[in-house]
Amino acid sequence: MPVKVRFAPSPTGSPHVGNLRTAIYDWLMAKHEGGEFLVRLEDTDRSPDRYAPESIADIEESMRYLGILPDSWWVSGGADSPYVQSERLPRYQEVIDELITKGHAYKCFCTKERLEQMRARQQELGTPSGYDRRCRNLPPEDSARYEAEGLPYVVRLAMPLEGTCLLKDAVRGEIKYEYRLQDDQVLLKSDGFPTYFLAATVDDRLMGITHILRGEEWLGSAPKMIHLYAVMGWEPPVFAHLPVILGADKKKLSKRHGATNFRWFIEQGYLPEALVNFLVLLGWSTGEDNRELLTVNEIVERFTLQGVTEHPAIFDYEKLKWMNGQYIRKSPPGRIIGLCIPYLVKAGLLSNPPTTEEIAYARRIIPLEQERMKTLSEVVDLVGVFFQKLDYPEGYDEKAVAKWFGVAHIKPLLEKEIAAFEALPEWSAALLDSAVRAITEELGVKFAEVVHPTRVATTGRTVGPGLFETIEALGKERTLERLRAVLTRI
RNA sequence: GGGGAUAUCGUCUAGCGGUUAGGACGAGGGAUUUUCAGUCCUUAAGCCGGGGUUCGAUUCCCCGUAUCCCUACCA
């Protein structure tokens, strides 16, 4: 049977990297097996503080950004339409009716207050928590009467009172659960919407899902779902519970750890392939040679559930940065230039929209810093000195000035450079190089003692690309202007 | 309180009874260079504890411990 997997996000906010990793695994598995991947929106929680329709677009954008497009979803439609659970209500109702008829589910009229009291008592007594099944054996006539009176009710799944449930998890092996310890889970809420347990199970069945990849936090709900499959006479899919992603404090990765919203990663300038590569490694490895830098195709070739780890992984932002830097360096300069320009515009370093001259200039500058970038957003700080007005001492690094403008030969050096640069027949790194070397000789100092002051004079700082390519890119006019300003005010 | 999962360098991990316990990030050192970054070389750093099973356990089993997750009319 061909593999069919799904990613089932809820529109509760901007996508979380942990969920996106699950989506990546789904996509990879479908690609690797030549199967199908669909995305379904689980919007059955209608409470205003949890239902955030605007996040639907975020989910779509994130998946597009990562390049993990599904074969079908609400965006494109498909054979399993609709892909939005709030549009599938009749299907859940059908199953509920069948379940109730067969005695595998029952209506529960217990009020929220009673449930709260019950829980409080359980806490006090230290007994296991869970619904006390008061309505499970409600006489049919009572049930009908309550309903006729218009009392709100939920529908609960009647779990077996004995026996064990065996979960054969694709990443964890066999796990046993005692049925008597399982709660009579709510399947249908009083607002008529299904809970996750019902909706996901029904849809997975209807959509022909063969493998359920989901976070480890769902492990405990497996017996309930397996039982649901059993009483409906359905063959359950393969479950694969993925390890959770934790923050540096070993707590479930959340806002407190800084970056969990996927939007943030896009804004910082993390490349899609770096994100995919890094995220896939959080809970999976190739096994064989344990290679880490892998192209998307290489990952697709190698990805199987066997390589999935069973222990949680801590999200290491440092390693992500390193990996992103690797991919930035590997990219053709043209791509990086194109990706960086919006950052420069946003920072006000270029006009909006940039002029042709500005773009031409940016095309010369950005590649010089490409190998220094770990994230695209860093381009702003890296190339700032090339774009900003530098007017000594305005904009100059104090320490750099103190160190390198203090040398004895600073004035003659600047004078000679200005004269030599002005006379240059052609503004090229090679000619600038030989000119400066000649001056070094005349001055009788070390090359470094010339290079450093010159760098500070022209860029205001001590770090950056090679001096001569820097000056070449800066251009004759800017360079001389800065050298003169320093010379007259020093 | 109950249930479940997990446990190899600080972090991500390889290992699937016998290995000098390997790699990557990060950290330290060195080389290269006009600085930084990069690149290359290099050093330190790990099998949670206790019992078994076995000729032999990081590896298999049990117990303990620790951590995480679940314990909602949320997913």
For the pair A/E449 and A/K446, evaluate salt bridge (charged side-chain N to carboxylate O under 4.0 Å, His left out) and give the outcome as yes or no after the intermediate values.
CA-CA 5 Å; A/E449 291 174 300; A/K446 279 191 249 167; 5.4 Å; no
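A donor-acceptor pair under 3.5 Å is absent between the side-chain atoms of A/R455 and the main chain of A/V451, judged by distance alone. Between the side chain of A/Y106 and the main chain of A/R156, no donor-acceptor pair closer than 3.5 Å is present.
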Spell out protein contact along nucleotides 63-75 of chain B as letters: B when the base is contacted, S when just the sugar-phosphate is, - when no protein heavy atom is under 4.0 Å; keep the 5' to 3' order.
-----SSSBSBBB
So if I define the base as every atom that isn't primed, P, OP1 or OP2, how would nucleotides 18-30 of chain B read as a B/S/- string at a heavy-atom cutoff under 4.0 Å?
----BBBS-----
Could you run through nucleotides 41-50 of chain B and give me one letter per nucleotide, 5' to 3': B if any protein heavy atom sits under 4.0 Å from the base, S if only the sugar-phosphate is that close, - if neither?
----------
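For B/A24, the paired base is B/U11 (Watson-Crick or G-U wobble, both distances below 3.5 Å). Nucleotide B/A37 forms no Watson-Crick or G-U wobble pair with any nucleotide shown, as no partner meets the under 3.5 Å limit on both distances. Using N1 to N3 plus N6-O4 or O6-N4 for Watson-Crick, or N1-O2 and O6-N3 for G-U wobble, each under 3.5 Å, B/C60 pairs with B/G52.
Residue A/A313 is in sugar-phosphate contact alone, with no base atom involved, counting any heavy-atom pair closer than 4.0 Å across all strands shown. In this structure, A/G283 reaches the sugar-phosphate backbone alone: every heavy-atom distance under 4.0 Å involves primed, P, OP1 or OP2 atoms, never a base. Counting any heavy atom pair closer than 4.0 Å across all strands shown, A/L467 reaches a base atom. Nucleic acid contact for A/R461: none, since no nucleic acid atom lies under 4.0 Å from a heavy atom of the residue. Backbone-only contact: A/E310 has heavy atoms under 4.0 Å from sugar-phosphate atoms and none from a base. When heavy atoms are screened at a 4.0 angstrom cut-off, A/I175 is found touching the sugar-phosphate backbone but no base atom. Among the protein residues, A/T462 comes within range of the nucleic acid bases, having at least one heavy atom under 4.0 Å from a base atom. Within the 4.0 angstrom heavy-atom criterion, only backbone atoms of the sugar-phosphate kind lie near A/G287; the bases stay farther away.
For A/E174, the side chain to side chain contact (heavy atoms under 4.5 Å, CB included) partners at least two apart in sequence or on another chain are A/L166, A/K168. Scanning for side chain to side chain donor-acceptor pair (under 3.5 Å) contacts around A/S55 gives an empty result, with sequence neighbours left out. Annotation: side chain to side chain contact (heavy atoms under 4.5 Å, CB included) contacts of A/S14 (sequence neighbours excluded): A/D58, A/N261, A/R263.
In plain terms, the two heavy atoms of A/L443 and A/K416 that are nearest each other are CD1-CE, 3.4 Å. Contact detail for A/I336 and A/Q370: the closest heavy-atom pair is CG1-NE2, 3.4 Å.
Residue-to-nucleotide proximity on RNA chain B shows that, of A/R455 and A/I314, the 5′-proximal contact is made by A/I314.
We find that A/K176 and A/E178 are not joined by a salt bridge, their nearest charged nitrogen and carboxylate oxygen being 4.0 Å or further apart. For A/R335 and A/E273, the salt-bridge test passes: some basic side-chain N is under 4.0 Å from an acidic carboxylate O.
Using modelled atom types, one finds no donor on one side chain facing an acceptor on the other under 3.5 Å when comparing A/Q185 with A/T195.
Checked against the 6.0 Å centroid threshold, A/Y327 and A/Y270 do not count as a close aromatic pair.
For B/A7, the OP1/OP2 oxygens have a side-chain nitrogen or oxygen of A/H311 closer than 4.0 Å. Using a 4.0 Å cut-off, no side-chain N or O of A/R291 falls inside it from OP1 or OP2 of B/A14.
The CG atom of A/L167 sits 14 Å away from the C1' atom of B/G3 (whole-angstrom rounding).
B/C25 and B/C61 have their P atoms separated by 34 Å, with the value rounded to a whole Å.
When the nucleotides B/U35, B/A14, B/G4 are ranked by their closest atom to the side chain of A/L219, B/G4 comes out on top.
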